[in-house]
Amino acid sequence: MTRSADSDSASRPTTLRFLGIDLSDGIRRRHLLAYLLLALVSSSYAGTLAILQPALLQVIGIPAVEQATLTGYLSALQEVVMILLMGPAGALADRYGRRPVYIFGMLVTATGFALYPRADAIAELLLYRVVIAVGGAAIIGMMVTVIADYTRDRTRGRANGLQGLVATLGAFVPPALASLPQALVAAGASELEAQRMTFNTAAGLGLIGALIAWRGLAPRAATLVDNLRIPLRQMLREGMAAARDPGVALAYGAAFISRGDLAVTSAFVSLWLVQVGVADHGLSPSAAMYELAVPRVLAVVSGALLGALLMGFLSDRISRVRAVTAASGLAAVVYLAILCVDDPSAPWMMGLLFVMGIAEISAFVSSQALVGERAPAARRGTVIGFFGVAGALGILVGTAGGGWLFATFMPSAPFALFGLFNALVCLWSLQVQPASTPTPIAGVNPL
């Protein structure tokens with residue numbers, strides 16, 4: 001840790017720097033460390049359902065021909081709920097603070113995971129998915145908002161790269177959870193018991209996350225009381241109006257593709273491999289997950305580890321807009337290349353999936369850095385709530401539309417769709433000029 005005075009005036013207070021990141025006023029090392037732990041837990045939830053659900057659907061007796069469509073519908077329901085709730089969640093965080101919203105999200109998500117494998121019918125799966133979605137709406141918005149709150153703009157790209165690195169490490173958790181059913185079955189548990197114990201383990205992560213948020217995040221600043229006088233409806237209007245800034249609008253578009261990229265990869269790589277394993281290799285669902293899906297998901301995650309660091313560094317060296325250009329261009333090439341794949345279990349796919357991990361995390365990091373740069377500080381939670389809505393729309397299109405494309409045409413179709421979307425955002429970004437940082441609303445501290 002080092003302290004450095006602002007170069008333009010020796011009389012200004014020193015800036016606290018930690019892990020190469022300049023921290024905002026009032027933020028200490030412990031707050032950033034707690035946030036990074038919380039980001040690890042939050043990101044582990046992002047892909048957990050996608051990798052655990054295929055085997056669960058097999059175990060509870062959903063016919064294979066219906067699984068892709070049901071996967072799409074369940075994901076679509078989750079995204080619709082999140083679209084409706086992310087804006088209000090962000091406004092509530094601007095009004096009451098980040099910490100209580102984050103704690104709420106963690107506890108509700110944990111409840112949903114505990115209930116999910118106990119569903120006896122599709123209707124119960126739908127209900128429990130709504131519970132998970134309510135918690136997810138709070139978690140996702142706060143994960144992006146808090147890192148923007150805690151860091152100064154000049155190192156915000158690096159901060160988002162570090163957050164992306166931690167989020168990628170969190171992505172190792174779902175494959176580890178996916179390996180549990182095989183071990184539990186080998187130890188004598190039934191397939192259903194193994195699934196329930198695995199989902200209970202995932203639920204425990206939410207309890208840990210709630211404790212970290214409660215004890216570790218920065219408390220609500222006293223000046224946040226100014227926002228208590230502003231109606232939530234007005235705060236939501238201001239969040240929507242922020243899209244008049246071309247940079248914010250591009251950030252929303254980048255959120256659409258980056259979250260859609262992640263959703264398509266998470267939902268359909270594992271599903272494709274489990275189906276191939278069961279149909280073509282004669283494996284059980286748990287064995288197909290363990291032998292085929294887990295290694296290839298780890299290839300994606302390994303690429304993302306490298307991509308997070310590269311894009312975080314790049315985002316502080318070039319404009320945030322041009323970082324989006326680079327990330328979306330790479331993702332367009334990689335996702336369109338999946339059209340060439342006939343057998344996802346082929347050894348050469350490991351390399352392509354590694355590059356896919358670099359591409360998807362680059363889009364993720366660059367979009368967050370851009371919205372953090374352009375969002376007004378006092379309405380950051382609300383603006384990032386709408387950023388999350390754009391991301392949820394991307395996930396909705398990727399999962400619901402992708403599920404239909406997967407089942408109706410071919411498994412590579414969802415990837416090709418987002419290859420085209422990435423190409424469009426890349427072209428769009430070339431028309432947006434880099435701009436200066438936003439003017440804050442005076443007298444309001446968002447923490």
A.B. asks: I'd like to check Tyr96 versus Val101 (side-chain heavy atoms, cut-off strictly below 4.5 Å). Are they in contact?
C.D. replies: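 No, side chains not in contact.
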
A.B. asks: Has Ser328 got a side-chain atom pairing as donor or acceptor with Thr325's backbone, closer than 3.5 angstrom?
C.D. replies: yes

A.B. asks: Going by atom types only, do Thr265 and Tyr335 share a side-chain donor-acceptor pair under 3.5 Å?
C.D. replies: yes

A.B. asks: Among side-chain atoms of Arg296 and Ser270, is any donor-acceptor pair under 3.5 angstrom?
C.D. replies: no

A.B. asks: What pairs meet the side chain to side chain donor-acceptor pair (under 3.5 Å) rule with one or both residues in residues 102-120, with sequence neighbours excluded?
C.D. replies: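 For residues 102-120: Ser42-Tyr102, Gln53-Tyr116, Tyr116-Arg129, Arg118-Asn200.
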
A.B. asks: For a side-chain contact (heavy atoms from CB on, under 4.5 Å) check, start with the C-alpha distance between Leu430 and Val321, then their side-chain angles and the critical distance, and finish with the verdict.
C.D. replies: CA-CA 8 Å; Leu430 293 173; Val321 171; over 6 Å; no

A.B. asks: Test side-chain contact (heavy atoms from CB on, under 4.5 Å) on Met142 and Phe104; report intermediate values, then the result.
C.D. replies: CA-CA 11 Å; Met142 293 307 96; Phe104 171 82; over 6 Å; no

A.B. asks: Looking only at non-hydrogen atoms, find the nearest pair between Ala249 and Trp428 and report the distance.
C.D. replies: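 Smallest interatomic distance, heavy atoms only, reads O-CH2, 3.2 Å.
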
A.B. asks: Please name all residues satisfying salt bridge (Lys or Arg N to Asp or Glu O under 4.0 Å) with Arg156, sequence neighbours left out, ordered by chain then number.
C.D. replies: Asp153

A.B. asks: Is a donor on one side and an acceptor on the other found under 3.5 Å between the side chain of Gln368 and the backbone of Val365?
C.D. replies: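 Absent.
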
A.B. asks: Show the nearest heavy-atom pair for residues Leu205 and Ser44, with the distance to one decimal.
C.D. replies: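 So the two residues come closest at CD1-OG, 3.6 Å.
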
A.B. asks: About how many Å separate CZ of Phe418 and CD1 of Ile338, when rounded to the nearest 0.5 Å?
C.D. replies: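 Answer for the CD1-CZ pair, Ile338 versus Phe418, is 14.5 Å.
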
A.B. asks: Answer yes or no: is there a donor N or O on one side and an acceptor on the other, between the side chain of Ser366 and the main chain of Ala363, under 3.5 Å?
C.D. replies: yes

A.B. asks: So do the side chains of Leu74 and Ile122 get within less than 4.5 Å of each other, counting heavy atoms only?
C.D. replies: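 No. Closest side-chain heavy atoms not under 4.5 Å.
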
A.B. asks: Taking the side chain as C-beta and beyond, is there a heavy-atom pair between Ser43 and Met143 under 4.5 Å?
C.D. replies: yes

A.B. asks: Using the rule given for side-chain contact (heavy atoms from CB on, under 4.5 Å), can you reason through Leu165 versus Ile361, listing the C-alpha separation, both sets of side-chain angles and the distance that settles it, and then say yes or no?
C.D. replies: CA-CA 9 Å; Leu165 176 65; Ile361 200 66; over 6 Å; no

A.B. asks: Flag the pair Leu57 / Leu70 as yes when at least one side-chain heavy-atom distance between them is below 4.5 Å, and no otherwise.
C.D. replies: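 In short, these two side chains touch, coming nearer than 4.5 Å.
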
A.B. asks: Would you say that Leu250 contacts Leu370 through its side chain, given a criterion of any heavy-atom pair below 4.5 Å between the two side chains?
C.D. replies: yes

A.B. asks: For the aromatic rings, using the six-membered ring if either is Trp, is the centroid distance between Phe406 and Phe268 under 6.0 Å?
C.D. replies: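 When the ring centroids of Phe406 and Phe268 are compared, they turn out to be within the sub-6.0 Å range.
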
A.B. asks: Under the rule for side-chain hydrogen bond (donor to acceptor under 3.5 Å, both in side chains), what residues qualify as partners of Glu124, not counting sequence neighbours?
C.D. replies: Tyr128

A.B. asks: May I have all residue pairs that pass salt bridge (charged side-chain N to carboxylate O under 4.0 Å, His left out) and include part of residues 158-182, sequence neighbours excluded?
C.D. replies: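 Only Arg158-Asp316 qualify under salt bridge (charged side-chain N to carboxylate O under 4.0 Å, His left out).
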
A.B. asks: Can you list the residues that meet the side-chain contact (heavy atoms from CB on, under 4.5 Å) rule with Leu306, with sequence neighbours excluded?
C.D. replies: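 Leu306 satisfies side-chain contact (heavy atoms from CB on, under 4.5 Å) with Leu310, Phe354, Ile358 once adjacent residues are dropped.
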
A.B. asks: For Val389 and Tyr252: C-alpha separation, side-chain torsions, deciding distance, then whether side-chain contact (heavy atoms from CB on, under 4.5 Å) applies.
C.D. replies: CA-CA 8 Å; Val389 168; Tyr252 289 175; over 6 Å; no

A.B. asks: Output all residues satisfying side-chain hydrogen bond (donor to acceptor under 3.5 Å, both in side chains) with Arg30, sequence neighbours left out; order by chain, then residue number.
C.D. replies: none

A.B. asks: Tell me, please, which residues at least two apart from Phe409 pass ring pair (Phe, Tyr, Trp, His ring centres under 6.0 Å).
C.D. replies: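 Listed in chain order: Trp404.
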
A.B. asks: Can you measure from CZ (Phe313) to CG (Leu309) and round to the nearest 0.5 angstrom?
C.D. replies: 11.0 Å

A.B. asks: Taking the six-membered ring for Trp and the full ring for Phe, Tyr or His, determine whether the centres of Phe421 and Phe256 are under 6.0 Å apart.
C.D. replies: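 Yes, the ring of Phe421 comes within the 6.0 Å limit of the ring of Phe256, centre to centre.
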
A.B. asks: Can you tell me how far the CD atom of Gln163 sits from the OG1 atom of Thr151, to the nearest 0.5 Å?
C.D. replies: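 Between atom CD of Gln163 and atom OG1 of Thr151 there are 10.0 Å.
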
A.B. asks: Measuring only between side-chain heavy atoms, which start at C-beta, is Leu125 closer than 4.5 Å to Ile60?
C.D. replies: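 Side-chain contact under 4.5 Å: yes.
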
A.B. asks: With the side chain counted from C-beta on, respond yes when Leu283 and Val278 share a heavy-atom pair under 4.5 Å apart, and no when they do not.
C.D. replies: no

A.B. asks: Closest heavy-atom contact between Ala194 and Val185?
C.D. replies: CB-CG2, 3.8 Å

A.B. asks: Who passes side-chain contact (heavy atoms from CB on, under 4.5 Å) against Leu85, sequence neighbours left out?
C.D. replies: Val81, Val134, Ala137

A.B. asks: Run the side-chain hydrogen bond (donor to acceptor under 3.5 Å, both in side chains) test against Tyr290 and tell me which residues pass, sequence neighbours left out.
C.D. replies: none

A.B. asks: For Glu191, enumerate each residue passing the side-chain hydrogen bond (donor to acceptor under 3.5 Å, both in side chains) test, keeping only those at least two apart in sequence or located in another chain.
C.D. replies: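 Ser286.
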
A.B. asks: So which atom in Gly170 and which in Leu40 form the shortest heavy-atom distance, rounded to 0.1 Å?
C.D. replies: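 The pair with the smallest heavy-atom distance is N-CD1, 3.3 Å.
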
A.B. asks: Short question: side chain of Tyr150, backbone of Ala218 - any donor-acceptor pair under 3.5 Å?
C.D. replies: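 Answer holds: yes.
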
A.B. asks: Roughly how far, to the nearest 0.5 Å, is the CD1 atom of Ile132 from the CD atom of Gln78?
C.D. replies: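 It is 6.5 Å, given to the nearest 0.5 Å.
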
A.B. asks: Among Leu49, Leu115, Leu177, which one satisfies side chain to side chain contact (heavy atoms under 4.5 Å, CB included) with Phe199?
C.D. replies: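 For Phe199, the side chain to side chain contact (heavy atoms under 4.5 Å, CB included) test succeeds with only one of Leu49, Leu115, Leu177, which is Leu49.
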
A.B. asks: Quick check for you: to the nearest 0.5 Å, what is the distance between Glu360 atom CD and Ile257 atom CD1?
C.D. replies: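 Interatomic distance, Glu360 CD to Ile257 CD1, rounded to 0.5 Å: 12.0 Å.
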
A.B. asks: Quick test of your reading: applying ring-ring contact (aromatic ring centres under 6.0 Å, His included), list the pairs with at least one residue in residues 41-80, sequence neighbours left out, ordered by first then second residue.
C.D. replies: Tyr45-Phe113

A.B. asks: Which heavy atom of Pro174 sits nearest to which heavy atom of Thr48, and what is that distance?
C.D. replies: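 So the minimum-distance heavy-atom pair works out to CG-OG1, 3.6 Å.
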
A.B. asks: Is Ser315 reaching over with its side chain to a backbone N or O of Gly312, donor-acceptor style, under 3.5 angstrom?
C.D. replies: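 Judged by distance alone, no pair lies under 3.5 Å.
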
A.B. asks: Say you draw a straight line from OG1 of Thr198 to CD of Gln182; how long is it, rounded to the nearest 0.5 Å?
C.D. replies: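 So the OG1 of Thr198 and the CD of Gln182 are separated by 11.0 Å.
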
A.B. asks: Search all heavy atoms of Gly247 against all heavy atoms of Arg374 and return the closest pair with its distance.
C.D. replies: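 Scanning both residues completely, I find the closest heavy atoms to be CA-NH1, 3.0 Å.
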
A.B. asks: What pairs with Ile208 under side-chain contact (heavy atoms from CB on, under 4.5 Å), at least two apart in sequence or on another chain?
C.D. replies: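 Testing Ile208 for side-chain contact (heavy atoms from CB on, under 4.5 Å), a comparison that skips the adjacent residues, returns Ile212.
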
A.B. asks: Is Met106 close to Leu38 at the side-chain level, that is, under 4.5 Å between some pair of heavy atoms?
C.D. replies: yes

